[in-house]
Amino acid sequence: MKLTLAGINADRAAYEAAGYRLPTFDYETVKENTHSRPVWIHFGAGNIFRAFQANLVQNLLNTGILDTGLIAAEGYDYEIIEKGNRPHDNLSILATLKADETVEKTVVGSVQESLVLDSSNEKEYTRLKEIFAAPSLQMTSFTITEKGYAVMDARGNVLPAILADYAKGPKTPDSYLGKVVSLLYHRYQHGALPLAMVSMDNCSHNGDKLKAAVTAFADAWCSRGLADQGFSDYVRDPGKVSFPWTMIDKITPRPDAKVADLLAADGLEGLDAVITSKNTYIAPFVNAEECEYLVIEDAFPNGRPPLEKGGVIFTDRETVDKVEKMKVCTCLNPLHTALAIFGCLLGYTLISEEMKDPLLRRMVERIGYQEGLPVVVDPGILDPKEFLRQVVNVRIPNPFMPDAPQRIATDTSQKLAIRFGETIKAYHRSPNLHVEDLKLIPLVFAGWLRYLMAVDDAGTPFTPSADPLLEAAGAYVADYRLDDVPKDLSELDRLLSNEKVFGVNLVEIGMADLVKDYFSELSKGIGAVQKTLEKYVEA
């Protein structure tokens, strides 16, 4: 069986006999509708998009609620489209890995068009401009990672690529956001039509991050006379261009070889993964958990698809913020980061295997229930305690989920501030809670310092996951060794006082000494990580 339109038409009975859920909508009609009156274009054609948004739209197409599909675009790694989407006619397979150890297999065909966001590719860029000039277009969404919205470096300097695009103007920018904003400028030039710009990336106040980048480009171009002055007003007018906040939650690990073997056993051909020249790992399938949440601020100046009929929750900005903080600051992301750090140090390669360790399970339970929940504000639409219970008992222990601590450890320096810093701030503000009562959050910080030494608890060197501050932060621990010789840790205060990394100045708030004490114990020698966890997790 081949994963192409012709392959499905030829082997539909074989697909169905093997248990695959196939698209049931009129494909040609939906394709024509999508091309002639596009409604939704998405930038960032990766795993979360294929597992969540694309499957969501397919379900609504199958039931007749929608009659237009998705357009996928990629502005960083063009090979995702060229080698991932197009050889399979934009089809993909979603393998939903359930906690009861069953697999639900779906051929997802809601993506009706895929494009590379390349300003030097006249054909593709012209088509993107056509889409952005269409009055029917209601939403442009993004999963390009938090780094994708950056226009400045950690020191507040405009990034060279962004600065070059500021000077170049909207005709042929090269940066991801520059190209997106140039398309938005094209929409402005063709009637200043309304549009929702919807970040669906897993970061706090994602809509504001996208808005800041878009307005920075608009202001730069307008101030240089490279764009009409009204463009700056256009992107700031919520009645014209909105930037809703969202909270998205679905675990989608890198495509796993065991899942590929399972699909191949069904008779599927051509499932080999491709590693692009930019080191993106793409496969014709994506594996993901069953659980999913998407909460969106209901701010769509040109209307929106009825996604609530597919389970999306539309609400106000304040509620989105509460849900996001519940998830990112307490009920999921901090637990993942803690497991990622200590999983790498203890030699684990699967998050689910870590949850079989009573010590690590107890660690995340204490971080979530004891240290986090007391400061969570109930968003009203999801119960925090029940959400946390599902995370701890069902989601991250799922034995079918091939999620690795090494994947989650990526960009840890960019995650600590929101995943733990907000809880610390809440304790600091509260008249009834005390920062000194937090014991395991500072242990995670110390674990990250120990992780930066790039040697596991058995004394074996490992390669830390990619992180923009890996070299700079790693320099603070470069001179330490795994031994019980007393260490002068005073230099660590320079790192621990960095609010951008930890969300708060740990020195000023009185937590730095505890972090350094923990780090000293974690680095005393072989096996010190295990001993330190045993000492403090059960304390």
task: Please determine which of H35, R127, K31 meets the side chain to side chain donor-acceptor pair (under 3.5 Å) test together with E113.
output: R127
Kindly compute the distance separating [atom1] ([X]) from [atom2] ([Y]), expressed to the nearest 0.5 Å.
| X | Y | atom1 | atom2 | result |
| --- | --- | --- | --- | --- |
| K250 | N55 | NZ | CG | 7.0 Å |
| Q189 | L184 | CD | CG | 10.5 Å |
| I81 | N90 | CD1 | CG | 7.0 Å |

Tabulate below the donor-acceptor pairs under 3.5 Å that side-chain atoms of residues 278-285 make, not counting sequence neighbours, or state none.
from: K278; atom 1: NZ; to: Y76; atom 2: O; distance (Å): 2.6
from: T280; atom 1: OG1; to: D77; atom 2: OD2; distance (Å): 2.6

Pick one: which of [options] meets side chain to side chain contact (heavy atoms under 4.5 Å, CB included) with [X]?
| X | options | value |
| --- | --- | --- |
| P405 | L339, I351, T337 | I351 |
| N287 | L94, I93, N47, V259 | V259 |
| Y427 | V435, I441, V504 | V435 |

Should the pair [X]-[Y] be classified as a salt bridge under the 4.0 Å nitrogen-to-oxygen rule?
| X | Y | value |
| --- | --- | --- |
| D298 | R304 | yes |
| D321 | K325 | yes |
| K168 | D174 | yes |
| K322 | E318 | yes |
| K516 | D493 | yes |
| R224 | D219 | no |

query: Taking the six-membered ring for Trp, is the centroid-to-centroid distance between F49 and H42 below 6.0 Å?
result: yes
query: Between L492 and L449, does a side chain to side chain contact (heavy atoms under 4.5 Å, CB included) hold up when you go through it step by step?
result: CA-CA 9 Å; L492 290 177; L449 298 179; 4.2 Å; yes
message: Tell me the closest heavy-atom pair linking R50 and S92, and the distance in Å.
response: NH1-CB, 3.6 Å
message: So if I apply the ring-ring contact (aromatic ring centres under 6.0 Å, His included) rule between Y451 and each of F462, F519, F445, which one comes out positive?
response: F462
message: Quick check: do K179 and D165 have side-chain heavy atoms less than 4.5 Å from each other?
response: no
- prompt: Are N202 and V328 close enough that some pair of their side-chain heavy atoms sits under 4.5 Å apart?
  reply: yes
For A164, side chain to side chain contact (heavy atoms under 4.5 Å, CB included) partners two or more places apart: none
- prompt: What's the verdict on side chain to side chain contact (heavy atoms under 4.5 Å, CB included) for V477 and L495, showing C-alpha distance, side-chain angles and the deciding distance?
  reply: CA-CA 10 Å; V477 300; L495 176 59; over 6 Å; no
Relative to the ring of [Y], is the ring of [X] parallel (under 30°), tilted (30 to 60°) or perpendicular (over 60°)?
| X | Y | answer |
| --- | --- | --- |
| W221 | F217 | perpendicular |
| F300 | F314 | perpendicular |
| F387 | Y293 | tilted |

Verdict with reasoning, K327 to E324, per salt bridge (Lys or Arg N to Asp or Glu O under 4.0 Å): CA-CA 5 Å; K327 177 225 171 186; E324 190 265 339; over 6 Å; no
message: Checking K415 against D411 for the salt bridge (Lys or Arg N to Asp or Glu O under 4.0 Å) test, could you report, in this order, the C-alpha distance in whole Å, the side-chain angles of both residues, the deciding distance, and whether it holds?
response: CA-CA 7 Å; K415 299 171 179 176; D411 299 336; 6.0 Å; no
- prompt: Given the rule in the side chain to side chain contact (heavy atoms under 4.5 Å, CB included) test, do Y125 and V116 qualify, once you have shown the distances and angles that lead to the verdict?
  reply: CA-CA 8 Å; Y125 214 56; V116 296; over 6 Å; no
query: Going through the distances and angles, do I418 and C329 end up as a side chain to side chain contact (heavy atoms under 4.5 Å, CB included)?
result: CA-CA 6 Å; I418 184 63; C329 305; 3.8 Å; yes
message: Could you work out, with ring pair (Phe, Tyr, Trp, His ring centres under 6.0 Å) as the rule, every residue matching F142, not counting sequence neighbours?
response: F43
